[in-house]
Amino acid sequence: MRKPFIAGNWKMNMTHMEAAIFMQDFHYDMKNKNGCEICICPPFTALRGIKNIIDSDKIDVAIGAQNMHWEKSGAFTGEISPEMLEALKVDYVIIGHSERRQYFAETNETVNKKVRAAFAHNLKPVMCIGEDIDIRQSGKAEEFVLSQLAACLDGLEEKSVTGLTVAYEPIWAIGTGKTATSKDAEDMCAAIRKKISSIYGPDIAEAVRIQYGGSVKPSNITELMNMPDIDGALVGGASIKVDDFLAIINY
Ligand code: 13P
């Protein structure tokens, strides 16, 4: 059985001080986790502060970064390395978010390098894939997403893939309030699992967690989580509001 996995991607929101206040409110109000694994992905500047609060207050929540470089160190001004995240004892790292692909020229090739680097540094990648509105309307969404998946997984070993989370995030649903229908989201997540099975076999496909992301909110999470191939959510806007994020966890 795959444990439901709800992650909050804060994107470029919250100072380290606001993040500390969020964590205290969140912890105070979090009565139970509804059997979910929870992960918070703040900006880099808040990682250390949040990690300290999690450790000192023994909060059972994982922490993730939103991006990283694939090299261990070097002349890459402005970048953060996997080694730095590993040293901070970060659990997860989001790789290849559509905003990174759209605004920062990330490609399937860089995503592949980053996913490999994450595994090499004991970080669990949450690898994002998803189509834009033109591809969806052309009827080629599945073909596109599965080719992204194959390219991003290129050459990855079986034993790594078991620890992978795939986030299916249709770009047209991100920050738009327009969620994919639970059927469309399930159809794509099932296709992703089938493709993983065709590459790595059914046991690994059964172990990999697949999240849906794109305008997830308290009002639509239950329907999404009732789908057999949707194992969790990657939540943007609603994850920076304590009440909404807790309501999503307690779907
Ligand atoms: P929203 O939940 O704000 O649509 O963002 C989704 C997302 O991009 C999570 O990574």
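Whatever order the structure lists ligands and atoms in, that order sets their numbers, starting from 1. Model, not experiment: these values are computed from the prediction. Numbering of residues begins at 1 and proceeds along the displayed sequence.
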Exercise. Between Glu131 and Tyr168, does any side-chain donor sit less than 3.5 Å from a side-chain acceptor?
Worked result: yes
For this session: Just need the protein heavy atom nearest to atom 3 (O) of ligand 1, so name the residue and atom and give the distance.
Result: Gly237 N, 2.8 Å
For this session: Take Val111 and Arg101 through the test side-chain contact (heavy atoms from CB on, under 4.5 Å) and record every step on the way to the result.
Result: CA-CA 9 Å; Val111 171; Arg101 294 174 186 259; 3.8 Å; yes
Problem set entry | Exceeds 12 heavy-atom contacts within 6.0 angstrom, atom CD of Glu109 | no
Problem set entry | Residues Arg2, Glu206: salt bridge by 4.0 Å N-O rule | yes
Exercise. How far is atom 5 (O) of ligand 1 from its nearest protein heavy atom, and which residue and atom name does that atom have?
Worked result: Lys11 NZ, 3.2 Å
Exercise. Taking heavy atoms and a distance under 4.0 Å, where does Leu234 meet ligand 1: side chain, backbone, both or neither?
Worked result: both
Exercise. Quick one: do the Glu37 and Tyr92 side chains pair a donor with an acceptor below 3.5 Å?
Worked result: yes
Exercise. With atoms numbered from 1 as shown, which atoms in ligand 1 lie under 4.0 angstrom from a non-hydrogen atom of Ser215?
Worked result: 1 (P), 2 (O), 4 (O)
Problem set entry | Sub-4.0 Å atoms of ligand 1 with respect to non-hydrogen atoms of His97 | 7 (C), 8 (O), 9 (C), 10 (O)
Problem set entry | Lys/Arg N to Asp/Glu carboxylate O, Lys113 vs Glu71, below 4.0 Å | no
Seminar exercise, completed: So the atoms of ligand 1 within less than 4.0 Å of a heavy atom of Gly214 turn out to be 4 (O), 6 (C)
Exercise. Quick one: nearest non-hydrogen protein atom to atom 2 (O) of ligand 1, plus distance?
Worked result: Gly236 N, 2.9 Å
For this session: Go through the side-chain N and O atoms of Glu79 and His69 and say whether any donor and acceptor fall under 3.5 Å apart.
Result: no
Exercise. Short N/O distance, under 3.5 Å, between Asn9 and ligand 1?
Worked result: yes
Exercise. In terms of residue, atom name and distance, what is the protein heavy atom nearest to atom 7 (C) of ligand 1?
Worked result: Glu169 OE2, 3.1 Å
Exercise. Step by step, would you call Arg193 with Ile204 a side-chain contact (heavy atoms from CB on, under 4.5 Å)?
Worked result: CA-CA 9 Å; Arg193 199 177 305 285; Ile204 288 179; over 6 Å; no
Seminar exercise, completed: Logged contact type for Ala173 with ligand 1, heavy-atom cut-off 4.0 Å, is backbone
Exercise. Under a heavy-atom criterion of less than 4.0 Å, does Gly175 contact ligand 1?
Worked result: yes
Problem set entry | Polar proximity ligand 1 side, Thr176 side, N/O cut 3.5 Å exclusive | no
